[in-house]
Amino acid sequence: MEIAFYAPLKAPDHPVPSGDRRMAGLLLAALRAAGHDATLASRLRGYEGRGNSTCQARIRAAGATEAEALVNRFRALPAVQRPRTWFTYHLYHKAPDWLGPAVSQALAIPYVVAEASFAAKQADGPWAEGHAAVAAAIGRAGAILTLTGDDRAGLCPLMDDSERLIALAPFLEPAPSGAAHAARDEHRGRLAGPLGLDESIPWLLTVAMMRPGDKLESYQRLGAALVALGDQRWQLLVVGDGPARSAVEAALGGLGEGRVVYAGERPQDALPAFYGAADLMVWPAVNEAYGMALLEAQAAGLPVVAGRVRGVSDVVDNGKTGLLTRDGDVAGFGRAVARLLHDPGLRHALGRAARDSVAAHHGLDQAAATLNHALTVAMAVAAS
């Protein structure tokens, strides 16, 4: 099936790395793995983060122009080459979909959305128009794929039926991480020397961009939690970079000389080696939707300590694949890390279970099957 794909927040080839960009690319891959010809329809960015009504109006107008151009372009194609479904990934009040509803209506094709977020409290805020547009898009969609229970709870009040709401577990291609796990000793030895890491002690790993806001606050909580570990033997390996680098270094500066090693930003295909070589993934996950890095870590057999925030519990099974602590409980986070440092047997058991869980529930094949089901539902709704 020909599918027009769109991500209003961040296109899959956006230059700035993020979990959102990663999932957009994975959705395209899963649609193609399911046998569909999915192509990126537009790179128009619908995001406006400051609550500026003038900027929002400009984006909305650009969306209307782009939607009209797309309709004309698709209509000019031979019938067999026209999209038979429009698929939008990640729409919310700051990044509504100004293209999909208009194009799908004009072409009389099904409209499918994945990871739509709807918060009633935004109805009268500075993004009220975007909030209303998301509600309208959800109402039009023939299938809505939800990646977390948090999103499902927000969407349920808008739904007059449950068949259109379909759970899609966050997913990835587990093979690279699985291969990294198998080559753990090789990766650990290769990384240790150049980065100044001690192979004889546990490596705590954090993989996250360094941006102001939630990311920086997570780093600050992490620094406060790890200070409490005192004289225990460990090193923290940080993979990531960004405009808040100096603030992150300040947040982790009290952990002691030689405790923190900065590896900088690394390409996606280099990350499995870090996951495979480390002993424990640590991330407070402030306001994290679910955390792609947490899922990638577990795919490599790396147990996780994270904050119990939003959809994190959809990817980390507390007590089975990692330990989750109450949001904002810095002391509790530190105790959870200390527990796994003291108990390598538990750490290894959680890591094995994490790898098994990702293979069983969060793989590309499982996602492809769920996407096919959603497309079937959307086509039935459009035909009814």
Side-chain angles (χ1 to χ4, degrees), residues 177-178 180-181 184-185 187-188 191-192 197-208 218-239 251-252 254-256 258-261 263 271-286 288 290-309 312-359 362:
S177 293
H181 172 78
R184 170 183 166 78
D185 291 343
H187 291 311
R188 195 171 175 88
L191 293 173
L197 290 158
D198 185 341
E199 290 187 68
S200 69
I201 65 175
W203 296 358
L204 310 182
L205 177 66
T206 287
V207 178
S218 284
Y219 276 111
Q220 290 168 335
R221 291 186 188 180
L222 180 62
L226 297 185
V227 162
L229 298 183
D231 295 332
Q232 296 181 66
R233 299 185 73 222
W234 53 270
Q235 283 183 292
L236 174 65
L237 174 57
V238 179
V239 179
L252 303 178
L255 297 180
R259 287 279 205 186
V260 184
V261 175
L271 295 182
F274 288 88
Y275 295 127
D279 296 280
L280 182 62
M281 181 77 170
V282 291
W283 187 238
V286 175
E288 199 82 59
Y290 45 86
M292 278 300 299
L294 303 179
L295 192 59
E296 290 168 351
Q298 292 175 101
L302 191 61
V304 169
V305 174
R308 189 185 291 109
V309 181
V312 171
S313 59
D314 289 272
V315 298
V316 181
D317 192 344
N318 186 33
K320 294 184 179 179
T321 69
L323 300 178
L324 299 181
T325 63
R326 182 171 54 84
D327 185 27
D329 184 1
V330 172
F333 190 96
R335 287 193 297 271
V337 174
R339 179 185 174 192
L340 293 185
L341 285 175
H342 281 302
D343 192 342
L346 176 59
R347 199 167 67 231
H348 295 154
L350 294 175
R352 286 193 299 272
R355 195 155 54 94
D356 291 344
S357 177
V358 172
H362 300 279

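Predicted model only: the values in this text are computed from it and were never measured.
- Contact detail for Ala180 and Ala273: the closest heavy-atom pair is CB-N, 4.1 Å.
- The two residues Leu294 and Ala306 make their nearest non-hydrogen contact at CD1-CB, 4.1 Å.
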Going by atom type alone, with no hydrogens or angles, which donor-acceptor pairs under 3.5 Å involve a side-chain atom of residues 316-323 and a protein atom two or more places apart or on another chain?
unit_1: Asn318; atom_1: OD1; unit_2: Leu324; atom_2: N; d: 2.8
unit_1: Thr321; atom_1: OG1; unit_2: Gln298; atom_2: OE1; d: 2.7
unit_1: Thr321; atom_1: OG1; unit_2: Asp317; atom_2: N; d: 2.9

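- Side-chain contact between Leu280 and Leu205 is absent, with no heavy-atom pair separated by less than 4.5 Å.
- Shown here for Ala285 and Ser218, the closest heavy-atom pair between the two residues is N-OG, 3.4 Å.
- Considering only heavy atoms from C-beta on, Trp234 comes within 4.5 Å of Arg259 through its side chain.
- You'll find the side chain of Val309 stays beyond 4.5 Å of the side chain of Val286, heavy atoms only.
- Judged by distance alone, with hydrogens and angles left aside, the side-chain atoms of Arg352 form no donor-acceptor pair with the main-chain N or O of Arg347 at under 3.5 Å.
- Residues passing the side chain to side chain contact (heavy atoms under 4.5 Å, CB included) test with His181 are Arg355, sequence neighbours excluded.
- Nearest heavy-atom pair, Pro303 versus Leu350, reported as atom, atom and distance to 0.1 Å: CB-CB, 3.7 Å.
- For Asp314, the side chain to side chain contact (heavy atoms under 4.5 Å, CB included) partners two or more places apart in sequence, or in a different chain, are Thr148, Arg152.
- You'll find the side chain of Val227 reaches within 4.5 Å of the side chain of Leu255, heavy atoms only.
- Under the 3.5 Å distance criterion, the side-chain polar atoms of Thr206 are left unmatched by any main-chain donor or acceptor of Trp283.
- Expressed to the nearest 0.5 Å, how far CE of Met281 lies from CG of Leu237 amounts to 10.0 Å.
- Counting only heavy atoms from C-beta outward, the side chains of Leu252 and Tyr219 approach each other to under 4.5 Å.
- In this view, Gln220 and Leu216, Glu217, Ala251 satisfy the side chain to side chain contact (heavy atoms under 4.5 Å, CB included) rule, not counting sequence neighbours.
- The structure places NE2 of His362 at 13.0 Å from CD of Glu296, a figure rounded to the nearest 0.5 Å.
- A distance of 13.0 Å separates CZ of Phe274 from CG of Leu302, quoted to the nearest 0.5 Å.
- The distance from the CZ atom of Arg326 to the CZ atom of Arg308 is 9.5 Å, given to the nearest 0.5 Å.
- The line from CD1 of Ile201 to CD of Gln232 is 11.5 Å long, rounded to the nearest 0.5 Å.
- Across Val315 and Tyr290, no two heavy atoms sit closer than the pair CG2-O, 3.4 Å.
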After noting the C-alpha distance and the side-chain angles of Val261 and Leu236, does the key distance pass the side chain to side chain contact (heavy atoms under 4.5 Å, CB included) rule? CA-CA 6 Å; Val261 175; Leu236 174 65; over 6 Å; no

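- Scanning for salt bridge (charged side-chain N to carboxylate O under 4.0 Å, His left out) contacts around Asp198 gives Arg233, with sequence neighbours left out.
- Between Asp279 atom CG and Leu341 atom CG the span is 8.5 Å, to the nearest 0.5 Å.
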Under 3.5 Å, which donor-acceptor pairs link side chains of residues 327-340 to any protein atom two or more places apart or in another chain?
unit_1: Asp327; atom_1: OD1; unit_2: Arg221; atom_2: NH1; d: 2.8
unit_1: Asp329; atom_1: OD1; unit_2: Gly332; atom_2: N; d: 2.8

